[in-house]
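Hydrogens, waters and symmetry mates play no part in the numbers below; they use all other heavy atoms, side chains included. We number each residue from 1, following the sequence as shown. Here the structure is a predicted model, which means the values were calculated and not measured.
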Amino acid sequence: MTTLFNHTIVAARDKQESASFFTEMFDLPPAEPGGPFLTVYLDAGVTLLFAEPGIEFPPQHYAFLVSEEDFDGIYARIQEAGLDHWADPHGKLPQQYNTNHGSRGVYFLDRRATIWKR
């Protein structure tokens with residue numbers, strides 16, 4: 001049996017702002033409206049559906065694999081935007097990226113996230 005990931009719903013306080021933030025950071029085309037969602041298209045037919053649930057919700061964690069060249073661009077945009085970022089999921093290594101698992105990784109928040117405070 002083949003199982004492929006298709007989509008997930010991303011809860012946002014403001015779906016337009018969060019979808020725009022994501023597409024800017026990852027240098028993707030703008031989100032497209034579809035019903036109650038804003039859809040961001042990723043590779044392999046995967047989509048992120050940004051929605052406003054209208055309730056408080058816990059922080060969400062999404063992880064993406066990108067090429068080294070794409071990482072350079074994303075990390076440059078993180079720095080240009082002055083975003084807090086960390087090399088670890090617990091926020092103990094600020095303003096750094098990690099080199100775990102043979103490549104680079106970084107943790108950062110949607111610039112409008114207000115629920116999760118470090």
Heavy-atom pair of closest approach, residues [X] and [Y]:
X	Y	value
V40	A19	CG2-CB, 4.4 Å
L38	A31	CB-CB, 4.0 Å
P53	A12	CD-O, 3.6 Å
K15	F50	CD-O, 3.7 Å
D72	R104	OD1-NH2, 2.6 Å
Y62	I9	OH-O, 3.5 Å

Nearest-0.5 Å distance that lies between atom [atom1] in [X] and atom [atom2] in [Y]:
X	Y	atom1	atom2	answer
Y75	E80	OH	CD	12.0 Å
L49	T8	CG	OG1	8.0 Å
D27	R77	CG	CZ	4.5 Å
L83	F108	CG	CZ	7.0 Å
Q96	H85	CD	NE2	8.0 Å
I78	L109	CD1	CG	10.5 Å

Report task. Using only heavy-atom distances, determine whether the side chains of E24 and S20 contain a donor-acceptor pair under 3.5 Å. Result -> no
Requested in this report: Please determine which of N100, T99, L93 meets the side chain to side chain contact (heavy atoms under 4.5 Å, CB included) test together with Y97.
Outcome: T99
Query raised in the report: Strictly under 6.0 Å, is that where the ring centroids of F64 and F26 end up?
Result: yes
[X], [Y]: one ILVMFWY side-chain cluster at the under-4.5 Å cut-off?
X	Y	result
M25	Y41	no
I74	F21	yes
L48	F5	yes

Requested in this report: Look at atom CD of E69 and say whether more than 12 heavy atoms of other residues, nucleotides or ligands are closer to it than 6.0 Å.
Outcome: no
Report task. Measure up the Y107 and H61 rings against each other and bin them: parallel (under 30°), tilted (30 to 60°), perpendicular (over 60°). Result -> tilted
**Report entry** Q60 side chain vs A11 backbone, donor-acceptor pair below 3.5 Å
**Finding:** yes
**Report entry** Check: E56 and R13 side chains under 4.5 Å, non-hydrogen atoms
**Finding:** yes
